[in-house]
Structure formats: structure tokens, C-alpha cells
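These notes concern the structure reproduced below.
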Amino acid sequence: MTAHDPSHATTVAALKSEVQRRLTYTIGKDNASASPRDWFVATALAARDRLVESWLASTKRNYVEDRRRVYYLSLEFLVGRILIDTLTNLGLTAAMRDALAELGVDLEKLREVEPDAALGNGGLGRLAACFMDSMATLDIAAMGYGIRYDHGLFRQTIKDGWQHEYPEDWLSFGNAWQFPRPEITYDVGFGGHVESARLADGMLAHVWVPAETIVAVAYDTPVVGWRGRHVNTLRLWSARAPDPLRLDAFNQGDHVGALTEQVRAEAISKVLYPSDATPAGQELRLRQEYFFAAASLQDLVRRHMKQSGDIRKLADKVAIQLNDTHPAIGVAELMRLLVDVHGVDWTEAWRITQATFSYTNHTLLPEALETWPVWLMEKLLPRHMQIIYLINAMHLDGLRAQGVSDANVLAAVSLIDEHHGRAVRMGHLAFLGSHKVNGVSALHSELVKETVFRDFHRLYPDRIVNKTNGVTFRRWLLEANPALSGLLAETIGPAVFDDPTKLVELERFADDEAFQHRFMAAKRANKDRLAATIFDSVAVRVDPAALFDVQIKRIHEYKRQLLNVLEAVALYLDIVAQPARDFPPRVKIFAGKAAASYHQAKLIIKLANDVAQVVNADPAARGLLKIVFLPNYNVSLAEKIIPAADLSEQISTAGMEASGTGNMKFALNGALTIGTLDGANVEIRERVGDDNIFIFGLTAQQVEESRARGIDARETIATSPRLAAALDAIARGMFSPDDKHRYAQLVDTLTYYDHFLVTKDFDSYCAAQRRVDARWRDTKAWTRAAILNTARVAWFSSDRTIREYAEEIWKVEA
Ligand code: 26V
């Protein structure tokens with residue numbers, strides 16, 4: 001639609017009056033007194049109004065056609081902002097921009113007013129959000145279930161280079177996208193005891209009598225797919241106490257005591273957990289997991305019973321995807337519902353459960369594999385503990401009956417870990433309770449078979465499959481990068497947004513000088529914009545003509561931000577030592593949050609900031625290297641950074657990053673990757689071609705061998721003078737003159753206990769960086785490679801990923 005199109009004019013006029021109406025009648029303000037936030041809410045509501053009919057129609061169609069449904073259970077949905085996404089999917093962005101302009105309001109400014117829905121920690125949560133988008137786009141009758149946290153991922157500030165965490169408050173001005181459903185509530189029990197009774201047929205019946213009840217209240221957010229054809233629901237649960245207060249206590253003057261139950265109940269949906277929770281928070285985390293799994297299962301079983309009336313047909317009509325093990329207690333809960341509540345016999349119930357669930361593994365890190373102490377399970381969920389014991393007994397008996405007698409194998413595949421205090425292994429529960437288990441990249445899925453689920457894989461060789469992650473091109477190309485999107489639409493046609501495989505048509509233009517010029521002009525416009533953002537955020541001036549070298553993701557030792565910082569230090573020392581040599585100007589951009597309790601990660605943030613301070617202020621660096629650490633990394637900041645990147649840093653220790661999804665977003669936006677053969681980098685290389693990616697470092701296999709030989713790095717350091725010099729500069733306090741020993745322990749760890757093999761990969765990484773420099777100097781060669789990256793990564797659309805889940809795991813039409 002163009003500005004001269006008569007239907008555009010009609011839409012503009014209609015939207016203008018719809019926004020105006022919402023401002024007047026919902027917000028209750030006039031144009032003169034309306035704040036940008038008021039305008040944002042009025043605009044969001046007007047946009048929302050445009051999808052409600054399609055939403056109701058989708059919901060009705062799912063019901064009338066009795067469609068098979070997919071339920072995506074996830075403790076995290078890292079959605080980000082919704083306004084532009086909604087407008088884009090509805091095809092209303094241009095019309096809304098013009099309508100607002102007529103009202104004297106700038107859509108771009110409103111865009112910035114919306115708080116991020118940051119209900120996730122990182123990759124796992126963002127993947128869930130991309131999947132919601134793709135499931136709606138592919139017209140799958142799907143529902144996301146999660147928790148409506150009052151406070152999402154913490155807000156990060158950097159003071160004197162240190163990370164500080166503050167509570168995030170996305171709901172403080174309400175939430176225009178959600179529909180509260182106070183009538184949709186479920187009771188969720190905790191604690192208490194189990195009563196048994198002998199039935200007439202001689203069987204034992206069990207009834208769980210919880211000591212405590214929490215009420216789960218539904219909040220629905222519509223999720224609109226591409227072109228607004230299908231709209232699904234994201235249903236998030238909020239925790240309430242059954243009684244708002246204890247009136248007797250209140251009347252006796254105990255005003256605080258009267259509220260304790262309410263506070264205890266509401267704590268469940270108060271705050272998103274950082275992935276590495278402290279032991280003190282463990283019980284609350286388990287309560288969150290059971291709370292949302294139980295509410296979601298009650299809700300979907302109720303819907304199924306209303307529709308089909310036969311609980312035994314559940315698996316015919318329903319697929320439930322477990323996003324990691326966080327909802328895995330749902331396996332025991334569904335067994336409880338089937339056996340205790342619906343009277344299904346155990347064997348049949350187990351068949352239904354396995355046919356209904358499937359499970360995605362997102363990490364191999366041992367510290368991230370969930371287990372729950374048996375004592376805690378018995379205390380909070382006594383009936384579930386019994387059920388888990390029974391599942392385990394049948395599982396182990398079945399194996400013995402098949403002739404498995406090795407006690408070590410039986411102990412390894414038991415649901416109970418007997419070594420570290422007795423604990424329930426949630427990964428094992430999820431595996432056994434599912435018909436399919438998947439990893440998130442080809443390499444990761446193979447490692448899942450060889451490591452965490454080695455024994456299970458031998459016993460059930462068909463269960464583990466691969467589903468390489470993807471990202472939604474709507475958000476990560478069309479919305480985040482209008483400059484490039486416009487160029488693509490002009491060059492290969494706008495149908496590319498309906499079918500990303502058309503991106504290959506760009507290959508014809510890879511050497512076309514005029515096109516190269518326009519491709520780089522789009523990149524330059526994005527870099528200009530990011531340079532301004534950088535200045536506003538950290539008051540550092542960067543040259544938009546320089547190579548923008550970006551590493552943005554959670555701060556974690558295995559992701560090796562430290563390797564990047566060490567290379568920056570070595571480069572800085574080279575620049576200062578060789579004043580006559582011309583280095584291509586670079587801007588190193590970092591952003592990311594460290595878990596509040598992860599001291600080493602917070603120290604890495606401090607180091608990046610300390611190095612930035614010294615380098616940026618040193619005239620001897622001749623402005624050839626600038627380093628910036630942008631605070632408060634989130635989805636919205638990623639949307640600004642990724643389109644402006646030239647180089648994408650994906651440098652994890654091989655075998656440790658399950659997939660990565662940032663890597664896909666960067667390549668799509670024409671950044672070249674420097675990376676290890678880890679996660680989905682391997683598959684990106686297969687598609688973009690070896691010449692258009694900079695691969696370095698040990699392979700996963702070599703990492704394993706190298707670790708087996710030992711992780712003392714003294715010899716490695718001794719053979720690498722640049723590494724030795726960089727480490728020495730850091731250890732001597734070159735970047736921490738106020739506290740010369742700040743990094744002593746960090747350098748010691750790298751020297752004597754280099755588990756993540758930073759030192760082993762250092763030289764190879766530096767060599768790859770010099771290959772980057774050489775390519776960068778040849779603008780045509782660089783541009784060609786950048787274009788080929790965009791042209792060849794269509795396969796990483798989350799639409800492709802979801803089609804694969806639909807076909808192989810969920811058995812639904814996409
Ligand atoms: C969990 C924990 C918990 C304990 C301490 C440290 C730690 C570090 C990482 C994690 C990972 C949690 C699961 C997760 O977010 N995995 C990510 O999932 C993405 C989507 O599949 C994938 O692209 C990332 O590679 C993977 O790290």
C-alpha cells in the first residue's frame with residue numbers, strides 16, 4: 001500500500017479516529033494533555049482492536065473444526081515490544097504512521113515508550129517468543145502457557161564499570177496487550193498428605209489432600225501471525241491467595257499478619273528467576289514450576305473434555321511441548337489427573353502421557369540440569385513423589401525384564417539420583433514421559449545422544465531427534481531493519497516476506513556494484529543510528545565507517561566474552577607498539593547481563609568496561625580501536641544493534657552453546673560471523689559457505705581431548721607472546737590502576753584452570769580476526785560475503801523449525 005492508494009487513505013482516516021476514540025474514552029484524556037505514554041496506549045489499543053475479530057474467529061475455528069492442538073509450556077517468553085510487531089503483521093505500519101502524524105504524533109517515538117515484555121533470561125525464552133509468532137503464521141492451533149511475572153528480567157545499570165541489578169517494572173503503567181480473565185481460575189495445591197482407599201474392585205485409589213491452595217488466574221495476550229490470518233493465545237498465569245486477607249487477624253489489629261498468606265501466594269508469580277538460582281530460592285522455583293504446569297494442564301484438560309468428552313482421546317487431540325525441564329513435573333501431574341481424578345488405569349495413563357508430551361533440551365551444562373531433592377518434593381508434592389517412584393519402578397523393572405542387569409546402567413537411568421543426596425532428575429522424567437526428545441542444533445542433538453542421554457539413547461534409539469532453532473524474520477528483519485527490508489522488497493520483490501527461500505535470488509546481485517552500494521548504504525544508515533544510540537547511552541563517539549564488531553548475549557564463561565576482551569587488549573598493545581602500521585578502525589560492542597550471583601561473569605563485565613576506559617581515552621590508540629559496553633541488553637536493544645553489525649561474535653567453547661539464535665539474526669542482517677564450530681554455527685557455515693564465515697578454534701571433539709589432557713594453560717601461554725603480554729597487562733593492573741589486583745584471580749584461573757579453553761583458542765582466534773581485517777579492507781569482497789550471508793540463511797526461519805516440529809513431533813498440519 002502506498003501513500004497515494006485510496007484504500008490507504010481510508011485506512012489512515014479510520015485508524016486516526018480509532019486512536020482518537022481510545023484516547024478519549026479509554027484513557028480519558030484530551031490531545032493537549034495526553035503524554036507520549038497515553039498516545040502509546042491509545043495506539044496499542046487501536047491496533048489490538050484490529051486483531052480481536054481475527055482472534056475470535058481463529059479460536060472458534062479451532063473449536064468448530066475440532067483441530068488437534070499444540071500447547072507450548074514454557075517458564076519464559078522473552079517477547080520484547082509488541083506494537084510494531086502487531087502493526088507489521090496486520091500490514092498497518094504505514095497507515096498507522098500516517099494516522100498518528102495527522103494527530104501530531106511520531107510513531108517512532110511511541111515505539112520507544114513501550115516497555116519490553118522481558119519474561120525470559122535469554123535464548124530459551126526468546127526462542128519461545130519466535131515459536132509463538134511462527135505457530136500463528138503457520139495457522140497451527142497453538143497456545144503458549146507460562147507465568148505472568150510482575151517483574152521480568154532485572155534492569156542492568158553499569159556504575160564504575162560494575163553491573164548493578166534493579167527490579168524491572170513492565171506492568172507499572174498497565175499492559176495494553178493483555179486481556180485479564182478473572183473468571184478463568186484454577187486451584188493449585190501444595191503440601192498436605194495422600195489418602196488411599198480400597199475400591200470395590202480391589203484396586204487402591206489415591207486422593208491428594210493438599211495443605212495449601214494457590215489460585216491461578218489467566219491473562220491472555222493475542223499473538224498475531226503474518227498477515228493477520230491466524231491469531232493464537234499466550235495464556236500467562238498469575239498467582240493469588242484464595243482469600244484476599246484474614247479478616248479476623250486484620251480486625252484484631254494484626255494488619256501485616258492478616259496479609260501473610262496473600263504475600264506468600266503472590267510470591268509465586270512475583271519475579272522471573274535468573275537461570276542460576278541460589279539454593280535459598282529453590283523452593284520458590286519448584287513452586288513456580290508446579291504452579292504453571294498444574295494450571296495449564298487443568299485448563300487444557302478442561303478444554304479437551306468440553307470438546308471430546310473422553311479423556312482417553314487426549315493424545316489424539318493434544319500435543320504438549322516441554323520447553324526444557326522446567327514444566328517436566330507436568331508428566332507426573334498428568335498421570336495424577338488421569339489415574340487419580342479420571343480413573344484411567346496406570347498402563348493406559350502412561351501410554352496417553354507419553355503420546356502427549358515431547359521435550360526439548362536446551363543445554364548440556366551439568367549445573368543447568370535440573371534435579372529436585374526428594375525431601376522437597378515429598379514436602380511440596382507428596383502424591384507426585386509417589387507417582388515418580390512408581391514410574392521409576394516400572395521403568396527399571398521393564399529394563400530388567402529386557403535383560404538389562406548392569407547396576408551402573410540402572411543407576412544411571414534411574415529417575416532418582418542416589419549420589420548427591422537423593423534427588424529427582426527432571427531430565428529423565430521429561431525423557432521417559434515423552435515420545436520425542438529434541439536437541440536444538442545438529443551438533444547439540446548428537447551430543448545429547450552421546451552425553452546427558454547416552455544410556456537412554458541406547459535403550460530408546462528412536463526417541464531423540466534434532467530440530468535446529470530458527471528466528472522469526474518478521475521481527476528480526478522486516479521490523480528491525482526497514483532499510484534492508486525495503487531494499488529486498490525492491491530488488492527481489494516483497495513476496496520474500498511470505499517465503500524467505502526467495503532470499504537466494506539475492507545471490508545474483510552479490511557482485512552487482514549498484515546493488516552492493518545500496519546494500520552497504522542500508523548498513524551504513526543502521527550504523528549511523530547505532531552510533532547515536534551509543535553516544536546517548538555511554539557518551540562514547542564511534543566512527544560509523546569503522547568495522548562494528550559485536551558480541552551481545554548473556555555473559556557466561558562458556559560464551560567467552562573474555563576471549564574477545566583479551567584479543568582487544570592484544571590489539572590495543574599492537575596498535576600502541578606499532579604507530580606506523582595501519583589497522584582498520586574497529587568498534588567492539590558488547591552488551592549482556594550476568595546473573596546477579598555469578599561473580600566471575602560480573603568481573604568480566606567490569607574488565608570489559610575497564611579496558612574500554614583505558615583504550616578509548618588513549619590518544620596512542622589513534623581512534624583505531626573503540627570499545628563500548630552498552631547497558632541493559634534486551635530485545636529492543638538487540639533490534640537496534642543487530643542490523644548495524646558488520647561482524648558477529650559467536651565464539652563459545654565448542655560443544656557448549658546448544659545452538660545460539662543471535663548467530664542467525666546477525667547473518668540474516670548481513671553480518672559476517674567469526675565463530676567456533678559450535679551449535680548452529682556449524683549449520684550456518686554449511687549454508688553460507690566456508691568463504692563467507694570466519695571459523696576458528698578447537699572442535700567439540702578436540703575440546704574433549706584437550707580437557708582430558710588437562711586444563712593447566714601455562715605451556716600454552718608460554719608459546720603465545722601476544723597472549724602472555726595481554727594477560728600480563730591485565731594482571732599488572734594496566735586497566736585497573738585503582739585496584740591493581742582486581743584481576744589477579746581471573747588471570748590465575750585462565751593460567752591454571754582454563755576450563756573454557758580461552759587460552760588454547762587464542763592464537764587461532766587472533767588469526768581469524770586478521771583474516772577479518774584483510775576482508776574488511778577489500779570493501780567489495782566484504783560486501784559480497786555480507787550479501788551472500790543474507791541470501792543463504794532462509795533455512796533459519798523459525799517457520800521452517802516449526803514446520804519440522806509440526807510434522808515430526810506434533811503431527812499437526814502447518
Ligand atoms: C542455564 C544455566 C543454569 C545454571 C548456571 C548457568 C546456566 C547457563 C545456561 C543455562 C541455559 C538455560 C537454557 C538456555 O537458555 N539454553 C539456550 O537455549 C537457546 C534456545 O534453544 C539456545 O540457542 C542456546 O544455545 C542455549 O544456551
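Here, residue 1 is the first one in the sequence, and each next residue gets the next number. Numbering of ligands and ligand atoms starts at 1, following listing order.
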What atoms of ligand 1 come within less than 4.0 Å of a heavy atom belonging to [X]?
X      : value
Gly123 : 19 (C), 20 (C)
Ala658 : 25 (O)
Glu367 : 4 (C), 5 (C)
Gly660 : 22 (C), 23 (O), 24 (C), 25 (O)

Under 3.5 Å: N/O of [X] near N/O of ligand 1:
X      : result
Lys559 : no
Asp324 : no
His556 : no
Thr363 : no
Val440 : no
His362 : yes

(message) Assess the residue pair His384 and Glu333 against the criterion (side-chain hydrogen bond (donor to acceptor under 3.5 Å, both in side chains)); give the C-alpha distance rounded to whole Å, side-chain angles, the decisive distance to 0.1 Å, and a yes or no.
(response) CA-CA 7 Å; His384 298 78; Glu333 173 68 358; 2.6 Å; yes

Verify whether one side chain among [X] and [Y] offers a donor that lies under 3.5 Å from an acceptor in the other.
X      : Y      : result
Glu168 : Tyr149 : no
Thr371 : Asp417 : no
Arg474 : Thr137 : yes

Is ligand 1 under 4.0 Å from a heavy atom in the side chain of [X], in the backbone, in both, or in neither?
X      : answer
Leu365 : side chain
Tyr558 : side chain
Asn469 : side chain

(request) Show the numbers, then the answer: is there a side-chain hydrogen bond (donor to acceptor under 3.5 Å, both in side chains) between Glu76 and Asn323? (result) CA-CA 9 Å; Glu76 304 190 12; Asn323 196 24; over 6 Å; no

(request) Could you tell me if any non-hydrogen atom of Gly122 lies under 4.0 Å from any atom of ligand 1? (result) no

(request) Tell me, please: is Tyr598 in heavy-atom contact with ligand 1, that is, under 4.0 Å? (result) no

(message) Any heavy-atom pair between the side chains of Phe666 and Ile552 that's under 4.5 Å?
(response) yes

(request) Report the member of Ala680, Gly439, Ala368, Gly125 with the shortest heavy-atom distance to atom 3 (C) of ligand 1. (result) Ala368

(message) Set out, in order, the CA-CA distance, both residues' side-chain angles and the distance that settles side-chain hydrogen bond (donor to acceptor under 3.5 Å, both in side chains) for Ser134 and Asp799, then state yes or no.
(response) CA-CA 5 Å; Ser134 286; Asp799 296 352; 2.6 Å; yes

(request) Could you go through the side chain to side chain contact (heavy atoms under 4.5 Å, CB included) check for Lys553 and Glu649 one step at a time? (result) CA-CA 10 Å; Lys553 50 182 80 242; Glu649 299 267 356; over 6 Å; no

(message) The criterion is salt bridge (charged side-chain N to carboxylate O under 4.0 Å, His left out); which residues satisfy it with Arg463, sequence neighbours excluded?
(response) none

(message) Just to verify, what does Glu446 make a salt bridge (charged side-chain N to carboxylate O under 4.0 Å, His left out) with, not counting sequence neighbours?
(response) Lys449

